[in-house]
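The block underneath contains the structure these notes are about, expressed in structure tokens.
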Amino acid sequence: MRFLITAGPTREPIDPVRYLSNRSSGKMGYAIAQAALEAGHEVILISGPVAIAPPGGVKLISVSTSDEMFEAVHRSILECDILVMCAAVADYKPGKVSKTKIKKSIEDLSLQLVPTRDILASIPQDRPFTVVGFAAETNDLETNALQKLRTKRCDVVVANDVSRADSGMESDENEVTIFFRNAEKRQISCAPKQIVAGALVKIFENVRENCLTKKIA
């Protein structure tokens, strides 16, 4: 199978030296890419700025902003059987980017933020590939994950609680709950991200195979 995986954060420029971003390390997305490779799949990895090396054997596409990630996904999307949207893409970006460094002053500074383009929502419903979304939540995990599953028309949503200090963002471990269109859900207990990634890849393979079986039937 051909995996297209997004990973890491995006950086939304404020001026030439400042940007808005988040705490994503890219470790989960990179672990999924490694696990997919080890399972014998082809992998395209679209990555925001991270401090880890990509797995050997992936086709790496490096991006910085949400717009760059949007374009990269749509350029590669027809080359995949499974799209795994693991990146922590910014929800908002500055409405105006200063061409020069904004100088410090005693006055208050307000930034107008505008929504970024929603990559998951932009994916056609009639598509030849399986779509996996990720939901990083601090509260109401199941409610928010199910809403994302429904409104973004995902086949699977993987949700985790990022308010915890011992797993999730920046951690080497993760604990996730997987939600499916048929109302089934599964949980992977807290474990190293490499172990979680291996289990997720097997789940994604099964979902894809079931989709193909239904189409043939």
Side-chain angles (χ1 to χ4, degrees), residues 1 3-10 21-39 41 43 45-55 58 69 73 82-91 118-121 130-211:
M1 294 183 188
F3 276 68
L4 176 59
I5 301 169
T6 68
T10 61
S21 191
N22 57 63
R23 292 170 43 217
S24 173
S25 65
K27 291 177 181 179
M28 192 71 251
Y30 276 51
I32 293 171
Q34 180 68 54
L37 282 172
E38 291 174 355
H41 303 299
V43 178
L45 177 61
I46 302 175
S47 177
V50 296
I52 51 179
V58 304
M69 187 165 285
V73 168
I82 302 176
L83 171 63
V84 182
M85 290 292 297
C86 190
V89 182
D91 294 319
D118 192 321
I119 302 175
L120 269 178
T130 298
V131 175
V132 179
F134 274 67
E137 304 295 342
T138 59
N139 60 286
D140 300 324
L141 184 144
E142 182 164 348
T143 299
N144 291 330
L146 289 173
Q147 182 179 15
K148 189 166 197 174
L149 182 73
R150 183 179 64 257
T151 61
K152 303 298 175 67
R153 304 186 299 271
C154 297
D155 298 292
V156 181
V157 165
V158 180
N160 66 322
D161 182 353
V162 294
S163 67
R164 294 176 50 174
D166 60 341
S167 69
M169 284 187 170
E170 299 179 305
S171 173
D172 291 328
E173 298 190 338
N174 209 357
E175 179 175 336
V176 301
T177 305
I178 305 101
F179 298 88
F180 303 86
R181 277 190 174 183
N182 63 359
E184 180 188 357
K185 71 176 181 179
R186 299 184 201 173
Q187 186 165 7
I188 301 176
S189 299
C190 191
K193 286 182 175 177
Q194 293 88 342
I195 301 298
V196 175
L200 287 175
V201 166
K202 290 179 182 178
I203 290 171
F204 302 159
E205 291 169 341
N206 289 336
V207 170
R208 178 63 181 166
E209 289 169 358
N210 288 339
C211 288

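With sequence neighbours excluded, the residues that form a side chain to side chain contact (heavy atoms under 4.5 Å, CB included) with N206 are E209. Partners of D155 according to the side chain to side chain donor-acceptor pair (under 3.5 Å) rule, which considers only residues two or more places apart in sequence or in another chain, are R127. Legend: residues meeting side chain to side chain donor-acceptor pair (under 3.5 Å) with S163, ordered by chain and number and at least two apart, are D161. For E175, the salt bridge (Lys or Arg N to Asp or Glu O under 4.0 Å) partners two or more places apart in sequence, or in a different chain, are R164. Under the side chain to side chain contact (heavy atoms under 4.5 Å, CB included) criterion, A159 pairs with A135, L141, A145, F179, not counting sequence neighbours. For A39, the side chain to side chain contact (heavy atoms under 4.5 Å, CB included) test picks out H41, V201, E205, with sequence neighbours left out. Here K27 pairs with D172 under the salt bridge (Lys or Arg N to Asp or Glu O under 4.0 Å) rule; sequence neighbours left out. Residues satisfying the side chain to side chain donor-acceptor pair (under 3.5 Å) test with N144, not counting sequence neighbours, are E137. When the side chain to side chain contact (heavy atoms under 4.5 Å, CB included) test is applied to A121, the partners found at least two apart in sequence or on another chain are D118, K152. For E173, there are no salt bridge (Lys or Arg N to Asp or Glu O under 4.0 Å) partners two or more places apart in sequence or in a different chain. Remark: E38 engages no residue in a salt bridge (Lys or Arg N to Asp or Glu O under 4.0 Å) (not counting sequence neighbours).
A donor-acceptor pair under 3.5 Å is formed between the side chain of R181 and the backbone N or O of R153. N22 places a side-chain N or O within 3.5 Å of a backbone atom of A88 that can act as its donor or acceptor partner. In this structure, the side chain of T10 engages the main chain of A90 through a donor-acceptor pair within 3.5 Å.
Side-chain contact between V158 and F204: present, with at least one pair of heavy atoms (C-beta onward) separated by less than 4.5 Å. By the 4.5 Å heavy-atom criterion applied to side chains, P55 and V43 are not counted as neighbours. Taking 4.5 Å as the limit, every side-chain heavy atom of F134 sits out of range of all side-chain heavy atoms of N160. Contact check for V50 versus P9: side-chain heavy atoms found under the 4.5 Å cut-off.
Between V196 and S189, the shortest heavy-atom distance links the atoms CG2-O, 4.5 Å. Summarising the geometry of S25 relative to I52, their closest heavy-atom pair is O-CD1, 3.9 Å, with the distance given to 0.1 Å. Of all non-hydrogen atoms in F180 and V156, the two that sit nearest each other are CD2-CG2, 4.1 Å. Across Y30 and P54, no two heavy atoms sit closer than the pair CE2-CA, 3.5 Å.
Taken to the nearest 0.5 Å, the CE atom of M85 stands 8.5 Å off from the CG atom of L4. A distance of 5.5 Å separates SG in C190 from CG in D166, rounded to the nearest 0.5 Å. The CD atom of Q187 sits 8.0 Å away from atom CD1 of I178, with the distance rounded to the nearest 0.5 Å. With rounding to the nearest 0.5 Å, the separation of NZ in K193 from CG in L200 is 11.5 Å. The distance from atom OG1 of T130 to atom CZ of R208, rounded to the nearest 0.5 Å, is 4.5 Å. With rounding to the nearest 0.5 Å, the separation of OG in S47 from CE in M69 is 6.5 Å.
Remark: of the listed residues L120, I119, V89, I119 is the sole one forming a side chain to side chain contact (heavy atoms under 4.5 Å, CB included) with V73.
The list of salt bridge (Lys or Arg N to Asp or Glu O under 4.0 Å) pairs with a residue in residues 195-204, not counting sequence neighbours, is empty.
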